[in-house]
K.L.:
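The structure under discussion is supplied below as structure tokens; questions concerning it will follow.
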Amino acid sequence: MTNRNVVTRFAPSPTGFLHIGGARTALFNWAFARKHGGTFILRIEDTDRARSTPESTRGIIEDLKWLGLDWDEGPDAGTANPYTAQTGHYGPYFQSQRLEQYRQQAVKLMQDGRAYKCFKTPEELAVDREEARQLRRPYKYDRTQAISLTPDTITRYEREGRPCVVRFRMPDTDITVRDSVLGNVTVKAAELEDFIIVKSDGYPTFHLANVVDDAAMNVTHVLRAQEHLMNTPKHVALQEALGFDTPRYAHMPLIFNPDGSKMSKRDKAKAARQGAKAYLKEHGNDTAQLARKAGSLGANEIEAFVNKKTDDTTIAALLADALGVELPEIDVHDFKQSGYLPETALNYIALLGWSPGNNVERFDLDFLVEQFDLGRIGKANARFDRAKLLAFNTESIAKLPPEVFLKHLAAHDAEFHHRAYLEKLGKQNFTVFAESYRPRCRTLQEPFVNGRFFIVADDAFDYQPDAVKKNLQKDNGEGFGVLQDLRPLLADCQPWSAAQLEIVVKQYAEDKSLGLGKVAQPLRVAVSGSTVSPPIYDTLAILGQAATLARIDRCMELAATQPQQPQTQGH
RNA sequence: GACCCCGUCGUCUAGUCAGGUCUAGGACACCAGGUUUUCAUCCUGGUAACACGGGUUCGAAUCCCGUCGGGGUCACCA
């Protein structure tokens, strides 16, 4: 491609975590810029004073970094204070720091007769809308009153302190958006209304700030979600009035839940609420009991949450944690926590609305950059399929070199488990732990969930009744017998290594003419409480000799305290 | 409701722009076998789609029209 001046941007509003849809928008803008050797900008659109937070800004930066997306201009990625440390010639990159620019452009538009002040309050507007609704007529803002205000009246209103907004005067012409994905989209003049460009608090709206910044930062291509399509005619009109070039737009299809609903933070609240309700129903609506279970939550907080008074994600997370409910992943951070590899997650979401063709679907970022093309972005909305993401992740993890997997796993342990596994197991055994799970885990989280028994005290895990019944008590306690036989052999095992354990256990199985399953399963249940663990030799090796013997002893007590039911044998 | 966008297996998609090579390909899921000490893998096979109706054409998944269906927008949010 010959265009060496490509400039794209990702312009999130810092009102929450980075959403998975936002991640795709960032990815495509990044890929397009990289493909053309252009510039990728991160711009923070914090013009919503009530909802924007510095924490959110930091979170978004962290998430983008984790995904491996870098930007050429914007807040610095590694800084403690992104508000002051920024890079690029066209900054600052926080809209809250660019208010003077928007003010100047708004003044210019008013001087040119392309914008005007409007003193209608939100309440008055709501009344107008309601009236139109009652009459079953489409509502459209009527500029007549506002533009007939005399300068004297306006001055008087302002002296009285009456709040006002600035509205852009839409031209009386149809507007066609040239879109690289959708083609030409024309909206009739009658469908367009004068929209607000400066709020009564003096802050610009998204429309003004977005258009002014895109021009100021020389943005050439705007890749954004299709939900913005109806905003674009407004932006095109604004650009015309301001004398700006219109960037090339490309509106991408939306991403939905498997059931077709919108992927939103509320899904998490919904799932947690469902879990909480089920628990309360089972426990006589005892909110206090649930509060105790959930630790740092108050009963009134839980009540408010269950009664849909709030969708607070922190409450949702705490409840889910206490109840063992899995929350759907919505934000980038959720996918990180669930143990997906960043490049794999990116690979998967790239496929939601884009495809390289040729039956290729597994690729890395280099390939994406090389192949990325606006013409291959689809038009139809996509549903997010976690099963497929999981399949991708499984494949990716299986291909990871041991040392890379170890690094990933250690990072996950550090971020989500307070290094509990590394500290309890020790560096040596943590490596064995990682290697034993590497070929059999689908996410980075699974080893920590399935392998929790490795780090708890020898008497602090439960024996699953079904597992005990099937592998220990069955056939007159055959499993217990195996444990009894093995106990001294293991006590003598030297050295305590997976290799040596394999020799000992296999020899025993052979001597007794037992299938390996008949030996491994009782052991597995004895040391882990369940029927699932890494290969039994690795499991015992990681656990260590002392813990293994202690757990076998504890398990044998089970045989004594829970005598098997009398069984009628065949003979 | 108005306006706008979209419509290929259950899901993501290839093929559509330049109609024939498509009795529609791949992946995930699912089903059936097989391998495996558990789990997770892995291997083999299978089920499964051009929303519907007209039109244009020798020929339509591909072009046109309509219907139906889905989605987006209609804020002093972005």
Side-chain angles (χ1 to χ4, degrees), chain A residues 11-15 45-48 50-52 118 120-122 125-126 129 133 136-140 163-167 177 179 181-183 185-188 190-193 195-201 203 205-207 209-210 224-231 233 251 253-254 256 258 260 262 348 351-362 375-376 378-392 394-395 397-398 437-442 446 450 467 471 505-506 509 514-521 523-525 528 530-537 539:
Chain A
S13 168
T15 56
E45 305 215 329
D46 54 349
T47 54
D48 184 338
R51 295 196 301 150
S52 299
C118 168
K120 271 211 169 178
T121 63
L125 290 166
R129 286 194 196 97
R133 203 184 64 80
R136 296 205 295 146
R137 290 172 53 185
Y139 169 78
K140 188 177 168 181
C164 79
V165 300
V166 178
R167 278 182 191 267
V177 175
D179 189 278
V181 172
L182 301 172
V185 178
T186 300
V187 179
K188 296 263 193 321
E191 303 297 331
L192 273 0
E193 68 173 11
F195 56 93
I196 294 171
I197 56 175
V198 180
K199 306 178 220 176
S200 59
D201 67 359
Y203 269 54
T205 59
F206 154 70
H207 305 296
N210 190 267
R224 46 153 71 145
Q226 249 177 51
E227 64 196 12
H228 281 299
L229 185 57
M230 287 300 113
N231 288 144
H251 289 91
L254 271 16
F256 292 104
K262 207 168 180 171
Y348 177 72
L351 255 15
L352 265 19
W354 183 81
S355 153
N358 296 115
N359 288 341
V360 174
E361 59 176 16
R362 293 309 314 271
R376 293 199 67 90
K379 302 176 177 186
N381 296 335
R383 296 177 188 215
F384 195 98
D385 182 4
R386 286 190 183 73
K388 184 151 178 169
L389 204 215
L390 186 61
F392 274 28
T394 304
E395 203 179 306
I397 285 181
Y437 272 110
R438 188 172 60 87
R440 57 179 31 76
C441 69
R442 300 175 299 177
E446 277 183 359
N450 299 340
N471 299 288
V505 172
K506 276 194 171 157
L514 285 169
L516 232 32
K518 289 281 186 194
V519 183
Q521 285 306 80
L523 266 177
R524 189 166 264 127
V525 173
S528 77
S530 83
T531 56
V532 178
S533 88
I536 193 63
Y537 319 115
T539 300

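Atoms considered below: every heavy atom in the structure, side chains included; atoms not considered: hydrogens, waters and symmetry mates. Proteins come first, then strands; the chains are lettered A, B, ... in the order of their sequence lines, and each starts at number 1.
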K.L.:
Could you run down nucleotides 67-78 of chain B 5' to 3' and tag each one B, S or - for protein heavy-atom contact under 4.0 Å?
P.N.:
----SBS-SBBB

K.L.:
Under the ring-ring contact (aromatic ring centres under 6.0 Å, His included) rule, collect the residues that match up with Y537(A), sequence neighbours excluded.
P.N.:
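For Y537(A), no residue satisfies ring-ring contact (aromatic ring centres under 6.0 Å, His included) once neighbours in sequence are set aside.
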
K.L.:
When rounded to the nearest Å, what value does the distance between C1' atoms of rC30(B) and rU11(B) take?
P.N.:
11 Å

K.L.:
Partners of F384(A) by ring-ring contact (aromatic ring centres under 6.0 Å, His included), sequence neighbours excluded?
P.N.:
F335(A), Y348(A)

K.L.:
Across all strands, who's sitting opposite rA2(B) as a Watson-Crick or G-U wobble pair, both distances under 3.5 Å?
P.N.:
rU73(B)

K.L.:
Run the ring-ring contact (aromatic ring centres under 6.0 Å, His included) test against H207(A) and tell me which residues pass, sequence neighbours left out.
P.N.:
F195(A), H235(A)

K.L.:
Less than 4.5 Å apart, side chain to side chain, heavy atoms only: is that true for S530(A) and V525(A)?
P.N.:
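A side-chain contact under 4.5 Å is absent here.
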
K.L.:
Who are the side chain to side chain donor-acceptor pair (under 3.5 Å) partners of R137(A), not counting sequence neighbours?
P.N.:
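Counting only residues at least two positions away or on another chain, R137(A) forms no side chain to side chain donor-acceptor pair (under 3.5 Å).
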
K.L.:
For rG26(B) and rU44(B), measure between their P atoms and round to the nearest Å.
P.N.:
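Going atom to atom, P in each nucleotide, I get 13 Å.
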
K.L.:
Using the C1' atoms only, state how far rA60(B) lies from rC17(B), rounded to an integer number of Å.
P.N.:
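To the nearest whole Å, 15 Å.
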
K.L.:
Looking across every strand, which nucleic acid part, if any, lies under 4.0 Å from G353(A) by heavy atom: base, sugar-phosphate, or nothing?
P.N.:
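Sugar-phosphate, backbone atoms only, no base.
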
K.L.:
Can you tell me the base-pairing partner of rU57(B)? Count Watson-Crick or G-U wobble geometry only, both distances below 3.5 Å, and say none if there is no partner.
P.N.:
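Pair assignment: rU57(B) / none.
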
K.L.:
Between S533(A) and T539(A), do the side chains contain an N or O donor and an N or O acceptor separated by less than 3.5 Å?
P.N.:
yes

K.L.:
P atom, rA78(B) versus rC68(B): distance in rounded Å?
P.N.:
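After rounding to an integer number of Å, I get 37 Å for this pair.
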
K.L.:
Is the side chain of R362(A) donor-acceptor paired with the backbone N or O of F392(A) at a distance under 3.5 Å, no angle test?
P.N.:
yes

K.L.:
Using a 4.0 Å cut-off on protein heavy atoms (strictly under), produce a 5'-to-3' string for nucleotides 28-49 of chain B with B for base contact, S for backbone-only sugar-phosphate contact, and - for none.
P.N.:
BS-------BBBBS--------

K.L.:
Determine the Euclidean distance between corresponding P atoms of rA14(B) and rG7(B); express it in Å to zero decimal places.
P.N.:
10 Å

K.L.:
Could you list the residues that satisfy salt bridge (Lys or Arg N to Asp or Glu O under 4.0 Å) with R442(A), not counting sequence neighbours?
P.N.:
E446(A)

K.L.:
Rounding to an integer number of Å, can you tell me how far L192(A) CG sits from rA2(B) C1'?
P.N.:
13 Å

K.L.:
Considering Watson-Crick and G-U wobble pairs with both distances under 3.5 Å, what does rG7(B) pair with?
P.N.:
rC68(B)

K.L.:
With sequence neighbours excluded, give me every side chain to side chain donor-acceptor pair (under 3.5 Å) pair touching residues 351-361 of chain A.
P.N.:
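Every side chain to side chain donor-acceptor pair (under 3.5 Å) pair that includes a residue of residues 351-361 of chain A, provided the two are not neighbours, is E361(A)-K388(A).
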
K.L.:
Test of understanding: with salt bridge (Lys or Arg N to Asp or Glu O under 4.0 Å), list the residues that count as partners of K262(A), not counting sequence neighbours.
P.N.:
none

K.L.:
Suppose you measure atom C1' in rA51(B) against the same atom in rC28(B); what distance do you get, rounded to whole Å?
P.N.:
23 Å

K.L.:
Using atom P in both nucleotides, what's the gap between rG53(B) and rC9(B) to the nearest angstrom?
P.N.:
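rG53(B) and rC9(B) have their P atoms separated by 16 Å.
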
K.L.:
Sequence neighbours left out, what passes ring-ring contact (aromatic ring centres under 6.0 Å, His included) with F256(A)? Give chain and number order.
P.N.:
none

K.L.:
Under the rule for salt bridge (Lys or Arg N to Asp or Glu O under 4.0 Å), what residues qualify as partners of D385(A), not counting sequence neighbours?
P.N.:
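Per chain and number, D385(A) pairs via salt bridge (Lys or Arg N to Asp or Glu O under 4.0 Å) with no residue.
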
K.L.:
Treat primed atoms plus P, OP1 and OP2 as sugar-phosphate and everything else as base, then score nucleotides 14-21 of chain B 5' to 3': B for base contact with protein heavy atoms under 4.0 Å, S for sugar-phosphate contact only, - for none.
P.N.:
SS------

K.L.:
Taking rU56(B) as the reference, what is the distance to rC65(B) when you measure between their P atoms (whole Å, please)?
P.N.:
15 Å

K.L.:
So what's rA14(B) paired with, Watson-Crick or G-U wobble, going by both distances under 3.5 Å?
P.N.:
none

